[in-house]
Engineer: 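Can you read through this structure? Questions will come right after.
We count ligands from 1, going down the list as the structure has it; atoms in each ligand are counted the same way. Computed from a prediction, not measured in an experiment: that's the story for all the values here.
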Amino acid sequence: MLYDNHCRYLPVFFPVFFFVGGGYTGAMPSYFIFAVVFTVFMLEGIKALVVTAAELVVYVGLCLFAWQNPGTVTTLPTDQAIMIDNIAGFTIVSIVLGITIFLHFRLYNWQQRDLVNAREEALRFSEAKSRFLANMSHEIRTPINVMLGKNELILRESDSEQVREYSRGVQSAGDTLLTLVSNVLDMSKIEQGRFDITAEPYKTAKLIDDLTAIGKEYTARHGLAFHTQIDEALPCVLKGDFLCIKQVAANFLSNAAKYTSEGGVTLSLSGTEGAAEDEILLRIAVSDTGMGIKPETLPVIFDAFVRADMPGRAHIEGTGLGLAIAREFAELMGGGIFVESTWNAGSIFSLEVPQKVADGRHGSPGPADFGREPAGNRRGA
Ligand code: ADP
C-alpha cells in the first residue's frame, strides 16, 4: 500500500528533478531506469503496466520538451560535473536496485519456505484425519453389525407385529448408518491410497444374479418395476475386481430407486471389444424414469459430499459420497463412469471397465466356484 502511494506520485515528481538535475545529459536516464524497475517490483498486474507506461510517456515527453526548449533545463556547468553526476547516479541506482532485488528474493524464499511448511503441515493433518476416520469407521461398523444381527433375530422371532414394526425401523436406520460409515471408510482409504484393486476370475452369471437381486430388492422397496437387459454374448468367466464392480453398480441401482418415484429401473450388462485380444470392455448401465439431474448440476455430482438439486429431494436420505467413491473405483480399475440425464425424465448411469476374459465361452462355466464373496467382505478389511 505504501509503495502503491509512492509509485503513484513518481510521474509527478520526476519532471521536477528532470529540469533541475540537468535533463537527459545528467544522471536522469539512470534514475528513470530505477523508477521503472522499482515500479515493476512494487506494483502488480495492470497497476504496474499503467504506471510504467505513464513513466515512459512522461520521460519521452520531457526529453523531447528539453530538446526543443533547452532554456528550461538547469544544465550542469561543466563536462566534469556531468560525468560525476552520471557516475554518482549510476552507482546509487545500482546499489539501491541491488539491495531491492536481494531483499525481494530473500522475501520470496522466506514465503516459499513458509508455503512448503504450511503444505506439509496440512498434508500431515489430512493424513491424521483420514487415519482417524478410517479407524473410527472400522470400529463403529462392528457394533452396528452386532446390533443389526440381533435386530434381525427380533424381526424373525417376535410374535408381536408392533415389535416387528419397531424392529423394521431399527433395521432401516441401521442400514443407512452402516452405508454411511462404510462410505466414509472407503473414502478415507481412497484418500490414503490404500485401496488395492484385485484381479480374480469371477463368473459373469454370478455378477448378473447378484446385481439382479440387489436391483429387485431396492425397486421393490420403492414400488418400482425392475427390468434387465443382458448381452448373451458376454464371456462366462471374467477376471477383475468383482466386489468393486458390484459396489459401483449397486450404488447406481440404489440411486436409481431412490430418485425415481414412478416407472421403473433397468439394469443392462454388455461387452464390447477391449484394447487387447483377451480383454473386453464390460459395460453396466442403470437407467431410470426418475427425477433426472439438471444439466448445470451434472458436473458436480461426482464431487464428495455434494448432493445435487436438493430442493424437492431433501427428504431422500444420502451423503453425497456414493458417486464420488464409484468414480474413484472406476478409475482405479482403469475404467470410467458416464451419465446421461434429462431433468424430470430420468437418468442413465454407466460403468465401463476393461476386464480380462478368463473363459470366453457363453453360459455356465462348470463347477469351479469363481466369484464367491470372500469371507468377511473386503470393506471390513
Ligand atoms: P447421495 O448419497 O446423495 O445419493 P451420490 O453421490 O450417490 O449421493 O449422488 C450424488 C447426487 O447425484 C445425489 O444427491 C443426487 O442428487 C444425484 N443423483 C445420483 N443418482 C441419481 C439418479 N439416478 N437420478 C437423479 N439424481 C441422481
Side-chain angles (χ1 to χ4, degrees), residues 133 137 141 144 172-191 195 211-212 214-229 243-269 283-333 335-352 379:
L133 275 178
S137 309
R141 274 158 45 103
I144 297 176
S172 162
D175 282 346
T176 307
L177 189 58
L178 197 59
T179 308
L180 170 67
V181 172
S182 298
N183 280 347
V184 172
L185 181 60
D186 283 348
M187 204 63 205
S188 54
K189 273 191 190 169
I190 290 169
E191 276 180 4
F195 225 107
L211 292 181
T212 306
I214 293 170
K216 274 186 184 159
E217 190 196 323
Y218 287 151
T219 46
R221 276 191 216 161
H222 294 81
L224 300 167
F226 181 68
H227 311 281
T228 53
Q229 284 173 355
L243 286 178
C244 231
I245 293 175
K246 193 169 135 183
Q247 189 172 331
V248 173
N251 177 257
F252 292 169
L253 288 165
S254 154
N255 280 348
K258 265 193 325 187
Y259 298 106
T260 302
S261 45
E262 261 175 48
V265 173
T266 304
L267 166 73
S268 334
L269 273 93
R283 182 172 189 268
I284 303 180
V286 175
S287 61
D288 64 61
T289 53
M291 310 174 173
I293 301 162
K294 289 183 183 159
E296 64 271 24
T297 327
L298 271 179
V300 296
I301 58 169
F302 293 101
D303 293 348
F305 300 106
V306 169
R307 304 207 63 216
D309 302 325
M310 279 319 279
R313 51 179 90 177
H315 59 287
I316 303 173
E317 281 177 354
T319 56
L321 275 177
L323 285 180
I325 293 170
R327 183 176 61 178
E328 294 287 345
F329 279 180
E331 283 172 6
L332 283 172
M333 290 188 284
I337 285 183
F338 306 90
V339 55
E340 291 163 48
S341 191
T342 310
W343 181 235
N344 281 334
S347 314
I348 307 174
F349 281 84
S350 51
L351 164 73
E352 286 186 7
R379 290 185 107 180

Engineer: Evaluate the side-chain proximity of Tyr259 to Ile293: yes if any heavy-atom separation is below 4.5 Å, no if none is.
Structural biologist: no
Engineer: Is there any N or O on Gly322 that sits under 3.5 Å from an N or O of ligand 1?
Structural biologist: yes
Engineer: From atom 27 (C) of ligand 1, work out which of Ile348, Ile293, Asn255 has a heavy atom at the shortest distance.
Structural biologist: Ile293
Engineer: Got Arg327 and Ile301 here, is their nearest side-chain heavy-atom distance under 4.5 Å?
Structural biologist: no
Engineer: Just which atoms of ligand 1 are under 4.0 Å from any heavy atom in Lys258?
Structural biologist: 1 (P), 2 (O), 4 (O)
Engineer: With a cut-off of 4.0 Å, which atoms of ligand 1 are near a heavy atom of Leu323?
Structural biologist: 5 (P), 6 (O), 7 (O), 9 (O), 10 (C), 12 (O), 19 (C)
Engineer: Looking only at heavy atoms, is any part of Thr260 under 4.0 Å from ligand 1, and if so is it the side chain, the backbone, or both, or is it neither?
Structural biologist: neither
Engineer: Minimum heavy-atom separation for Gln247 and Asp186, please, with both atom names.
Structural biologist: NE2-OD2, 2.8 Å
Engineer: Evaluate ring pair (Phe, Tyr, Trp, His ring centres under 6.0 Å) for Phe195 paired with Phe329, printing each intermediate quantity in order.
Structural biologist: CA-CA 9 Å; Phe195 225 107; Phe329 279 180; 4.7 Å; yes
Engineer: So among Val265, Thr266, Thr219, which one has a side-chain contact (heavy atoms from CB on, under 4.5 Å) with His227?
Structural biologist: Thr266
Engineer: Within ligand 1, which atoms have a heavy atom of Ile301 less than 4.0 Å away?
Structural biologist: 10 (C), 12 (O)
Engineer: With heavy-atom distances below 4.5 Å as the criterion, would you say the side chains of Asn255 and Leu323 are in contact?
Structural biologist: yes
Engineer: Among the heavy atoms of Gly292, does any lie under 4.0 Å from an atom of ligand 1?
Structural biologist: yes
Engineer: Atoms of ligand 1 less than 4.0 Å from Gly320 heavy atoms?
Structural biologist: 1 (P), 2 (O), 3 (O), 6 (O), 8 (O)
Engineer: What atoms of ligand 1 come within less than 4.0 Å of a heavy atom belonging to Arg307?
Structural biologist: 1 (P), 3 (O), 14 (O)
Engineer: May I ask you to list the atoms of ligand 1 that are less than 4.0 angstrom from any heavy atom of Leu321?
Structural biologist: 6 (O), 8 (O)
Engineer: Does Phe349 come within less than 4.0 angstrom of ligand 1, counting non-hydrogen atoms of the residue?
Structural biologist: yes
Engineer: Taking C-beta and beyond as the side chain, do Glu262 and Thr289 meet within less than 4.5 Å on heavy atoms?
Structural biologist: no
Engineer: Under the rule for salt bridge (charged side-chain N to carboxylate O under 4.0 Å, His left out), what residues qualify as partners of Glu191, not counting sequence neighbours?
Structural biologist: Lys129
